[in-house]
Student: 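Just passing along the structure, written as structure tokens.
So that the names make sense, note that chain A is the first sequence line, chain B the second, and so on, each numbered from 1. These figures come from a predicted structure and were not determined experimentally.
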Amino acid sequence: MSSKTYGTLENVMRFMAETGIVFPTGEIYAGKGDIAGFYTFGPMGSRLVENIKQLWRDFFIRRSKLTFEIDGSTLTPRIIWIASGHLESFWDPLVICKKCRKIYRADQLIEEILNISVEGKSIEELEEIIKKNEIKCPSCGGELGEIQKYTLMFQTNSGPLREGEEPNLVLRPETAQVIFISYKRVKSIAGKHPFGVAQIGRSYRDEISPRRGLFRLREFNQMEIEFFVLREPTCVPFSETDVNENPKKRELVESIKKQYGKVRYAPKCGTCKKCPLNNAPEFDTTLRNVQLRILTRNEQINASKEGREPKEMVMRAEDAVKNKILPNEWMAYCLAKETLFLTSLGIPKDAIRFREMLPEETPHYSAGNFDLEIRYDFGWKEAIGNAYRTDYDLTRHMKVSGAKLYEKLEGKIYIPHVIEPSFGIERILLGLIMYAYRKGEDRGYEWLALPPVLAPFKAAVLPLLMPRDFREKERELALKIWHELIDKTKYFIAYDDSGNIGRRYARQDQKGTPYCITIDAQTFSDNTVTIRFRDTKEQKRVPIDQLDKILTDLIEGKRSFNDL
RNA sequence: GCGCCGGUAGUCUAGUUGGUUAGGAUGUCGGCCUCCCAAGCCGAUGACGCGGGUUCGAAUCCCGCCCGGCGCACCA
């Protein structure tokens with residue numbers, strides 16, 4: 001089976017705009033100040049997104065005894081981004097030419113012109129270098145202004161901003177930090193560790209260049225969970241070599257040694273079952289047996305050295321922990337569950353892989369990042385990020401806020417460790433549409449082979465309207481059936497009596513509606529209607545009084561169309 | 001942000017030595033016809049990305065901007 005996408009980015013973005021799934025915000029102001037990186041979900045898209053969220057809730061929250069959902073504000077106090085490190089370390093130094101107003105990255109400009117490395121230099125140092133070496137604007141020779149910090153975060157203020165003050169609000173660039181600052185409250189509700197806190201919501205990043213349609217946006221939807229798990233305080237999630245090479249990690253290990261007199265280096269848990277981090281309670285047999293496709297860090301490095309394509313390994317989720325490919329069981333639990341989630345959305349197994357992030361892609365506090373990548377027509381790209389963030393976030397928020405976010409058990413201090421899966425809804429939507437998209441073959445139009453759970457409409461009711469004498473009777477009966485289905489099934493059901501029947505089937509196929517119910521002349525003699533399956537165009541006759549039951553069974557997968 | 005390429009109805013497109021009312025197809029809407037897959041016939045609807053300049057006259061030439069694609073850079 002090939003997992004080549006059925007639609008290309010170009011095709012799919014056009015098709016989605018045409019069918020009302022998603023289109024650029026502010027199209028009618030083209031050229032008058034509309035901006036890239038913002039999209040509006042249309043009538044089909046808002047239903048699709050809702051269905052993705054519902055299915056995710058079902059998978060990750062409803063079926064879990066230990067996961068709790070919150071819904072935080074998107075405007076957040078600035079101080080939490082100081083605590084998280086976002087404002088402290090994630091900015092680009094920009095300089096603007098006073099004369100021609102061109103914008104440059106100060107560090108890159110210096111490196112290019114003077115051919116020296118300026119990594120880790122402060123703003124003051126960079127400004128000093130520019131002054132000393134009399135660096136001018138490469139384009140017009142004009143004088144360069146002061147260096148500005150460009151943070152990629154949208155900032156605003158509540159109330160009037162006095163001169164010299166920093167804005168006090170930040171539009172969150174991720175939902176995660178709102179979870180960390182709610183930790184204490186949810187912990188008192190959850191009662192004990194381990195537990196997960198989930199959140200679905202919008203995040204905002206002022207990307208320099210939004211690209212590839214829905215792939216990189218300035219406003220986007222995330223579904224995130226932070227799992228809080230206690231880990232033995234003397235057991236560090238890094239190797240001894242890592243610790244020796246990194247001053248921040250060395251500091252951490254020194255403080256543990258000072259407090260407990262010993263430390264154990266355990267970057268990968270393997271078969272060690274001593275701590276909760278390697279005992280995920282809901283990692284059941286089904287999940288243990290899920291086959292994961294993993295591209296390890298070593299394989300990526302070796303392949304690039306040898307100038308060949310990197311090859312993924314495939315193994316059971318449980319074995320990936322035992323063989324020390326994944327850091328611990330909680331990580332394996334997340335990856336297995338994500339695989340099942342994405343395949344239930346219609347994304348083929350071999351279009352999904354997990355890539356271990358390279359050292360330069362990983363922050364210092366991370367003890368293992370595995371991106372779930374989907375194969376798009378433009379390459380393998382991240383759709384879900386999985387990070388073992390250790391106790392970094394809670395430690396930082398504890399320091400800055402002064403709140404008690406640790407547990408004291410038998411004289412030892414446990415700061416919960418965090419495993420974080422972070423889903424990008426738009427990236428998932430783009431991937432699943434690319435794989436559901438069909439063109440040519442047996443019909444002369446584009447259509448969507450969406451899984452029934454995702455389809456915006458589960459069925460359409462269509463009066464055939466062929467013989468003239470029956471027309472009004474047919475229409476009346478069709479409307480009656482439509483009302484009954486709506487009352488009895490809770491689904492969105494379409495109704496259409498315009499144009500000819502072929503056109504109406506085509507319109508439904510285009511929206512991905514899996515079943516079409518047609519009222520014809522025979523309906524009046526035996527109380528049956530035809531039901532047509534989108535993927536095969538096949539039809540069966542079923543009694544009207546069983547229609548809601550049959551439809552529900554078909555959508556829920558309790559009965560197959562062939563068995564009707 | 002830099003470099004290259006592009007932008008005509010919802011969609012695909014004709015028109016670019018400057019010169020009619022910007023043409024076609026398809027969709028959409030209305031009607032006719034037809035017992036089941038964008039069928040056929042009639043009618044309606046709808047476009048030069050935005051702004052400025054050159055010119056008697058600009059979709060066409062020039063400048064700026066916006067949007068999109070690719071490459072570079074960025075991507076907590």
Student: So, is Arg507(A) near the phosphate of G27(B), with a side-chain N or O under 4.0 Å from OP1 or OP2?
Tutor: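 For G27(B), OP1/OP2 do not have a side-chain N/O of Arg507(A) under 4.0 Å.
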Student: Rounded to whole angstrom, note down the C1' distance from A38(B) over to G1(B).
Tutor: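 These two C1' atoms come out 46 Å apart once rounded.
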Student: May I have the distance from Arg443(A) (atom CZ) to A38(B) (atom C1'), rounded to whole angstrom?
Tutor: 12 Å
Student: Quick one: label Gln522(A) by what it contacts on the DNA or RNA (base, sugar-phosphate, nothing), any heavy atom closer than 4.0 Å.
Tutor: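 The residue Gln522(A) makes no contact with any strand.
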Student: Between the base of C36(B) and the side chain of Asp520(A), is one N or O donor paired with an acceptor at under 3.5 angstrom?
Tutor: yes
Student: Give the nucleotide from the list C37(B), C36(B), C35(B) with an atom nearest to the side chain of Ala521(A).
Tutor: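 Given the options C37(B), C36(B), C35(B), the side chain of Ala521(A) is closest to C35(B).
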Student: Name the closest nucleotide to the Leu464(A) side chain, picking from G10(B), C36(B), C70(B).
Tutor: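 Nucleotide nearest to Leu464(A)'s side chain: C36(B).
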Student: If I take atom CZ in residue Phe378(A) and atom P in nucleotide G71(B), what distance separates them, rounded to the nearest angstrom?
Tutor: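 Answer to the nearest Å: 11 Å.
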Student: Using the C1' atom as the point on both nucleotides, what is the distance between A9(B) and C35(B), in whole Å?
Tutor: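 Pairwise C1' distance, C35(B) against A9(B), rounds to 36 Å.
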Student: Paired with G10(B): which nucleotide, if any, by Watson-Crick or G-U wobble criteria at under 3.5 Å for both distances?
Tutor: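 The answer is U26(B), by the H-bond criterion.
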Student: Round to the nearest Å and state the distance from Asp497(A) atom CG to G31(B) atom C1'.
Tutor: 14 Å
Student: Rounding to an integer number of Å, can you tell me how far Tyr376(A) OH sits from G69(B) C1'?
Tutor: 18 Å
Student: Are Phe41(A) and Phe23(A) close enough that their ring centres sit under 6.0 Å apart?
Tutor: no
Student: Under a 3.5 Å limit for both distances, which nucleotide forms a Watson-Crick or G-U wobble pair with G40(B), could you say?
Tutor: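 Partner of G40(B): C32(B).
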Student: For Phe561(A) and Tyr515(A), take the angle between the two ring planes, folded into 0 to 90°, and tell me which bin it lands in: parallel under 30, tilted 30 to 60, perpendicular over 60.
Tutor: parallel
Student: Return no unless some side-chain N or O of Arg212(A) is found under 4.0 Å from OP1 or OP2 of G71(B).
Tutor: yes
Student: Can you measure Ile21(A) atom CD1 to U11(B) atom P for me and round it to whole angstrom units?
Tutor: 15 Å
Student: Closer than 4.0 Å, any side-chain N/O of Arg503(A) to the OP1 or OP2 of A39(B)?
Tutor: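 Answer yes for this pair, as a side-chain N or O of Arg503(A) is under 4.0 Å from OP1 or OP2.
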Student: Taking atom P of G69(B) as reference, at what distance in whole Å does atom CZ of Arg211(A) sit?
Tutor: 7 Å
Student: Yes or no on salt bridge (charged side-chain N to carboxylate O under 4.0 Å, His left out) for Arg532(A) and Asp509(A), after CA distance, side-chain angles and deciding distance?
Tutor: CA-CA 11 Å; Arg532(A) 167 190 181 270; Asp509(A) 289 350; 3.0 Å; yes
Student: Which listed nucleotide (A76(B), A38(B), C37(B)) is nearest to the side chain of Tyr505(A)?
Tutor: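 It is C37(B).
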Student: Can you see whether Thr40(A) engages Thr25(A) through a side-chain donor-acceptor pair at a distance of less than 3.5 angstrom?
Tutor: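 Their side chains do contain a donor-acceptor pair, which is all the 3.5 Å distance test asks for.
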Student: Specify the separation, in whole Å, of atom CZ of Arg504(A) and atom C1' of G27(B).
Tutor: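 Between C1' of G27(B) and CZ of Arg504(A): 17 Å.
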Student: Rounded to the nearest angstrom, tell me the gap between atom OH in Tyr29(A) and atom C1' in C66(B).
Tutor: 15 Å
Student: Under 4.0 Å, heavy atoms only, any strand: does Glu382(A) hit a base, just the sugar-phosphate, or nothing?
Tutor: nothing
Student: At under 4.0 Å between heavy atoms, what does Gly213(A) touch on the DNA or RNA strands: base, sugar-phosphate, or nothing?
Tutor: sugar-phosphate
Student: Salt bridge between Arg14(A) and Glu18(A), side-chain N to carboxylate O under 4.0 Å?
Tutor: yes
Student: Of the options U34(B), A76(B), C36(B), whose atoms approach the side-chain atoms of His86(A) most closely?
Tutor: A76(B)
Student: Tell me the partner of U54(B), counting only Watson-Crick (N1-N3 plus N6-O4 or O6-N4) or G-U wobble (N1-O2 and O6-N3) with both under 3.5 Å; none if nothing fits.
Tutor: none
Student: When you measure from the side chain of Arg14(A), which nucleotide among C37(B), A76(B), C12(B) comes out closest?
Tutor: C12(B)
Student: Side chains of Tyr204(A) and Asp206(A): any donor to acceptor distance under 3.5 Å?
Tutor: no
